[in-house]
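These notes concern the structure reproduced below.
Counting convention: from 1, in listed order, for ligands and their atoms alike.
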Amino acid sequence: MRMTFRWYGEGNDTISLEQIKQIPGTEGIVWALHDLPAGEVWPVEKIEEVKRQADRAGLHIDVVESVNVHEDIKLGLPTRDRYIENYKKTIENLGKFGVKVICYNFMPVFDWTRTDLAKEMEDGSTALFYENSKVDQIDPVELARKISGSSLTMPGWEPERLKDLSGLFKAYEKVTEEDLWDNLQYFLEQIIPIAEINDIKMAIHPDDPPWPVFGLPRIINSQEGLRRLLRVVDSPSNCITLCTGSLGANGNNDIVAMVNEFIDRIPFTHIRNVRRYENGDFIETSHRTQDGSVDITGVVEAFHQKGFKGYARPDHGRHLWGEQCRPGYGLYDRALGIMYLWGLWDAFERKSAAQHTVQKENSLV
Ligand code: DNO
């Protein structure tokens, strides 16, 4: 397991590269050019600049999250080909700098959705919260306006994406889940060969939450959906970002089973916990297994058993000790998360080393 940490870029994150470097066992940043609108080619000079910054801090830039997919591609509009060409060029440019994994998602209009970005928990920390009944009442156009008016935007709710929201909703009225699959297939058939040539894994991020929101279709949210995705283009470059928190918000998703089934196609994982409530609401907790509903211990054990050599990052943390940060993206709880993941990993490492010794001794007897 190769540990990484998401970083939003110089002047765009409350956390410095030097701080990230001090988190034990953390070797790289998970990054993006957040100021570029979806659909534009990522220029070599801008990529080079991030590489220089990371190099100086002794961190790598192997994992990009995300190269966002233009809505015209998801909608299957005739204009999509232009954006797909741009996407290919971006893959090539990232390949020049040794990038190994590109995380992206195929959620119409919005990326991750929550109803409260700072819900107070029993211990006084705050966390991201999702309340079903509120989502039913939300006017997404109004919410988007509120978010784009604040200084910290959420990924996936970037102002440029939200410009013509009512137009977008109209365009999606006719798009069914099957249409979305067709449009994803069209996109993958074109970009995966380019990813292969550039030795890059395209790793789709599951829908968060793993069900349709605001009446928009969503397709990457179950074991069956992930299986279908891998079949759509059967290539080692067509992969998954296994996000335990996104998938784990649905109690029917067995994440350990997903690790076991898809391990060869998981180059990158987000490991975090959520506590699910009976009515379907959920809150993001500490990474610790006992604090939430996702079996984080079992997930790490499965990765360990399978000899996982891919990249991992902690995901959304709570906001602790008065930290002012991007919602879910503070330093403290994510750093604690990393130490929890390493603690589990190292314990499994020790256990399997001991088992090998016993086996060896037995075979000598
Ligand atoms: C949320 C993130 C997502 C993720 C995208 C990937 O914090 O996990 O926004 O980056 O869905 O494209």
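- Listed by number with element, the atoms of ligand 1 under 4.0 angstrom from any heavy atom of Cys103 are 6 (C).
- Separation of the Trp31 and Phe97 ring centroids does not fall under the 6.0 Å cut-off.
- Atom numbering of ligand 1 starts at 1 in the shown order; those under 4.0 Å from a heavy atom of His270 are 8 (O).
- Of the N or O atoms in His316, one or more lie within a sub-3.5 Å distance of an N or O in ligand 1.
- Between Leu36 and Pro43 there is a side-chain heavy-atom pair separated by less than 4.5 Å.
- The side chain of Asp111, and not its backbone, has at least one atom closer than 4.0 Å to an atom of ligand 1 (non-hydrogen atoms only; side chain from C-beta on).
- Taking the six-membered ring where the residue is Trp, Tyr332 and Trp321 present tilted rings, their angle falling between 30° and 60°.
- Within ligand 1, counting atoms from 1 as listed, the ones closer than 4.0 Å to a heavy atom of Ser66 are 5 (C), 6 (C), 10 (O), 12 (O).
- Val109 is not listed as a side-chain neighbour of Phe214, based on a closest heavy-atom distance of 4.5 Å or more.
- Residue contact check: Glu65 has heavy atoms under 4.0 Å from atoms 2 (C), 4 (C), 8 (O), 10 (O) of ligand 1.
- At a heavy-atom distance under 4.0 Å, only side-chain atoms of Arg6, from C-beta outward, approach ligand 1.
- Close contacts of ligand 1 with Tyr104, meaning ligand atoms under 4.0 Å from a residue heavy atom, involve 12 (O).
- Classification of the Tyr311-His60 ring pair by plane angle, with boundaries at 30° and 60°, yields perpendicular.
- Residue-level proximity to ligand 1 for Tyr329 is carried by the side chain, the only part with a heavy atom below 4.0 angstrom.
- At a heavy-atom cutoff of 4.0 Å, ligand 1 is contacted by the side chain of Arg313 but not by its backbone.
- Ligand 1 places these atoms under 4.0 Å from at least one heavy atom of Met107: 11 (O).
- Under the salt bridge (charged side-chain N to carboxylate O under 4.0 Å, His left out) criterion, Glu45 pairs with no residue at all, not counting sequence neighbours.
- Scanning for salt bridge (charged side-chain N to carboxylate O under 4.0 Å, His left out) contacts around Glu323 gives an empty result, with sequence neighbours left out.
- Atoms of ligand 1 lying under 4.0 Å from at least one heavy atom of Asn105, given by number and element, are 5 (C), 6 (C), 11 (O), 12 (O).
- Not less than 6.0 angstrom separates the ring centroid of Tyr104 from the ring centroid of His205.
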